[in-house]
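Below you'll find the structure, written out as structure tokens, and then a few comments.
Naming convention: chains lettered A, B, ... in sequence-line order (proteins, then strands); numbering from 1 in each chain.
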Protein chains: 2
Amino acid sequence: MSNSNGSKMRRQEKEKQILLAAEKVFAEAGFGGATMQLIADVSGLPKANIHYYFSTKEDLYRRVVSNIFDIWLQAAEAFDESSGPAEGIGGYIDAKMEISRRHPMGSKVWASEVMHGAPVIQDYLEDVLVSWTEGRIEVIQHWIDDGLMAQTNPRHLLYMIWSTTQHYADFQHQIETLNGGRPLDDAEWQDAKANVRGIILRGLGIDETG
Amino acid sequence: MSNSNGSKMRRQEKEKQILLAAEKVFAEAGFGGATMQLIADVSGLPKANIHYYFSTKEDLYRRVVSNIFDIWLQAAEAFDESSGPAEGIGGYIDAKMEISRRHPMGSKVWASEVMHGAPVIQDYLEDVLVSWTEGRIEVIQHWIDDGLMAQTNPRHLLYMIWSTTQHYADFQHQIETLNGGRPLDDAEWQDAKANVRGIILRGLGIDETG
DNA sequence: GCACTACTTGACCATTTGGTCAAGAAATTT
DNA sequence: AAATTTCTTGACCAAATGGTCAAGTAGTGC
């Protein structure tokens with residue numbers, strides 16, 4: 001039956017299956033500690049089959065990191081569609097907290113990659129991330145100039161948002177240990193989110209209700 | 001190859017030399033990516049000599065992580081010797097920022113370890129870190145109860161301080177890339193520190209001047 | 001049916017890895 | 001200075017690793 005993209009579909013699904021396993025293994029062991037054999041075992045495929053879809057370990061890794069980067073950038077939309085700092089910054093924090101909750105492994109892979117000097121995605125950093133950051137800094141600076149929030153260095157504000165939100169993904173294990181060995185439940189996530197958003201917005205002199 | 005001043009070295013000094021090289025290599029490559037050979041090369045000693053002082057790679061790694069943990073805990077003194085939240089929390093932030101600046105590699109090794117599930121230092125987390133955290137939570141809760149700062153979940157406040165300050169070490173490379181490829185200079189570090197401290201203290205309703 | 005392409009996989013290989021060892025060189029003690 | 005302990009190091013090893021390959025099995029188009 002179909003056809004020209006039938007095989008393509010199957011390929012995409014298989015790649016997704018492998019990428020999911022790879023994300024898990026890379027997150028738990030780092031690039032160096034991850035082995036193709038383990039990725040094969042987790043994905044339930046023979047190692048040689050993995051190499052059919054991704055010729056090298058670095059190839060596979062690059063795809064994993066770039067997937068995460070895309071998800072990351074989606075949270076940026078909170079900024080663009082916002083009417084002001086309460087909605088823009090508050091929404092951005094919420095979105096990033098949600099990503100930390102739903103994609104903790106992706107965040108870990110990203111963190112590992114950057115911590116080791118971004119050998120694979122340096123071009124992403126220099127290109128997309130730099131320009132995205134510059135754009136957001138401008139928006140924040142405008143809000144400051146318009147008296148909608150306190151005087152702050154927008155760049156360091158962004159770092160603060162990134163670090164606080166991603167901390168819940170990257171240091172998930174530490175947080176669980178300090179939470180009696182159990183993951184945060186729904187109420188605790190809400191509490192975490194409210195605390196992060198509350199302190200930052202108050203610290204910026206922004207009225208949280210609008 | 002022999003060491004220029006090797007003959008005079010005592011055991012402790014030699015161990016320190018190895019630990020310094022190991023910290024660098026573990027930070028840059030992670031536990032899995034680090035090789036004993038590379039640590040040997042960086043420290044300027046034959047590999048077999050490294051194994052004389054540290055029997056296994058994990059042994060060496062454990063020592064590196066535990067050293068970092070000690071430095072980490074030193075910053076805690078800001079809390080204990082403080083007269084109130086402005087001095088206690090502000091001083092703690094300053095101390096942790098200074099550690100991120102002076103020991104970025106240590107912070108990275110710690111982050112890597114925790115991110116990968118803390119396979120080596122889980123006992124530290126469950127023992128020392130848990131009890132230290134509980135103690136600080138109590139102190140903060142007292143400050144809140146005494147009306148010296150806003151209502152906040154002390155636990156999540158600690159996470160915020162940890163994440164924001166350590167971000168400057170763990171994501172050093174990303175920050176440098178976003179800083180035009182150059183490390184933060186002294187003024188920029190002061191700016192970073194002032195921003196972190198300022199937003200958090202204001203977010204807690206603490207008068208920064210005392 | 002037949003040819004052709006896409007996928008699967010066990011067996012295999014060159015290289016690298018953490019770790020060992022034994023023989024010797026320095027210190028240190030007696 | 002002899003004996004003993006501490007350190008140094010090149011050579012070596014078993015195991016693991018990323019990656020290859022050829023022989024086979026589907027699936028697709030004619």
Side-chain angles (χ1 to χ4, degrees), chain A residues 1-26 28-65 109 112-113 116 119-120, chain B residues 1-26 28-65 109 112-113 116 119-120:
Chain A
M1 29 180 119
S2 36
N3 59 3
S4 58
N5 60 1
S7 60
K8 201 177 177 186
M9 277 275 283
R10 243 173 291 116
R11 177 168 196 122
Q12 262 186 348
E13 282 165 10
K14 206 109 196 198
E15 284 184 357
K16 207 169 183 177
Q17 174 187 4
I18 296 169
L19 284 166
L20 205 73
E23 183 183 82
K24 189 179 179 187
V25 173
F26 282 132
E28 285 172 0
F31 179 80
T35 69
M36 294 300 277
Q37 188 58 61
L38 188 53
I39 292 170
D41 292 347
V42 170
S43 64
L45 296 168
K47 195 183 66 168
N49 199 218
I50 309 274
H51 276 287
Y52 175 76
Y53 288 99
F54 301 91
S55 55
T56 67
K57 184 185 178 185
E58 197 177 311
D59 243 45
L60 178 53
Y61 179 71
R62 175 174 276 120
R63 281 287 300 277
V64 169
V65 177
V109 177
S112 255
E113 164 69 8
H116 300 352
V120 172
Chain B
M1 63 191 79
S2 69
N3 197 332
S4 50
N5 55 355
S7 54
K8 280 185 179 179
M9 288 208 161
R10 324 191 74 198
R11 179 166 195 121
Q12 256 190 345
E13 284 163 2
K14 205 112 197 195
E15 284 185 357
K16 208 168 183 178
Q17 174 188 5
I18 296 170
L19 285 166
L20 205 73
E23 184 183 80
K24 189 178 179 187
V25 173
F26 282 132
E28 284 171 2
F31 178 80
T35 69
M36 295 299 278
Q37 188 57 61
L38 188 53
I39 292 170
D41 292 347
V42 169
S43 66
L45 296 169
K47 195 183 66 166
N49 199 218
I50 309 273
H51 276 286
Y52 175 75
Y53 289 98
F54 301 92
S55 56
T56 68
K57 184 185 180 185
E58 199 178 309
D59 243 47
L60 177 53
Y61 179 72
R62 176 175 274 118
R63 281 286 301 275
V64 169
V65 177
V109 177
S112 254
E113 165 69 9
H116 300 351
V120 172

Item to check | Criterion side-chain contact (heavy atoms from CB on, under 4.5 Å) against A:I18, the qualifying member of A:I50, A:V42, A:N49, A:V64 | outcome: A:I50
Next on the checklist: Once you measure the plane-to-plane angle for A:F26 and A:Y61, does it fall in the parallel (<30°), tilted (30-60°) or perpendicular (>60°) bin?
Outcome noted: perpendicular
Item to check | A:L38 CG to D:dG18 C1', straight-line distance once rounded to whole Å | outcome: 14 Å
Next on the checklist: If I take atom CG in residue B:D41 and atom P in nucleotide D:dT9, what distance separates them, rounded to the nearest angstrom?
Outcome noted: 13 Å
Checklist outcome for this item: Checking D:dG18, D:dC7, C:dT8 against the side chain of B:Y52 (C-beta onward), the nearest is D:dC7
Checklist entry - Under 4.0 Å between a side-chain N or O of A:Y53 and OP1 or OP2 of C:dA6? => result no
Item to check | From OG (B:S112) to CD (B:E28), nearest 0.5 Å | outcome: 11.5 Å
Checklist entry - To the side chain of B:T35, which of D:dT20, C:dT20, C:dT17 is closest? => result C:dT17
Checklist outcome for this item: OH of B:Y52 to CZ of B:R11, rounded to nearest 0.5 Å, is 5.5 Å
Checklist entry - Expressed in angstrom and rounded to an integer, what is the separation of B:M36 atom CE from D:dC13 atom P? => result 20 Å
Checklist entry - If you check every side-chain atom of A:K14, which of C:dG18, C:dT8, D:dG18 has the closest atom? => result C:dT8
Item to check | Length of the line joining B:H51:NE2 and D:dT6:P, which is rounded to integer Å | outcome: 21 Å
Next on the checklist: Once you apply a heavy-atom cut-off of 4.0 Å, does A:A34 come out as touching a base, just sugar-phosphate, or nothing?
Outcome noted: sugar-phosphate
Item to check | B:P46 side-chain proximity, nearest of C:dG18, C:dT8, D:dT9 | outcome: D:dT9
Checklist entry - In whole angstrom, what separates B:Q37's CD from D:dC12's C1'? => result 14 Å
Next on the checklist: For B:K57, I'd like to know if atom NZ has over 12 heavy atoms of other residues, nucleotides or ligands within 6.0 Å.
Outcome noted: yes
Checklist entry - Which nucleotide sits closest to the side chain of B:A48: D:dC7, C:dT8, C:dT20? => result C:dT20
Item to check | Nearest-Å distance for atom pair OH/C1', residues A:Y61 and D:dG18 | outcome: 17 Å
Checklist entry - Could you state the CD1-C1' distance from A:I39 to D:dT17, rounded to the nearest angstrom? => result 12 Å
Next on the checklist: Under 4.0 Å from OP1 or OP2 of D:dC7: is there any side-chain N or O of B:R11 that close?
Outcome noted: yes
Checklist entry - Hey, which of these two, A:I50 or A:K47, hits DNA chain C nearer its 5' end, going by closest nucleotide? => result A:I50
Checklist entry - Quick one: A:Q12 CD to C:dC7 P, roughly how many Å, whole number? => result 12 Å
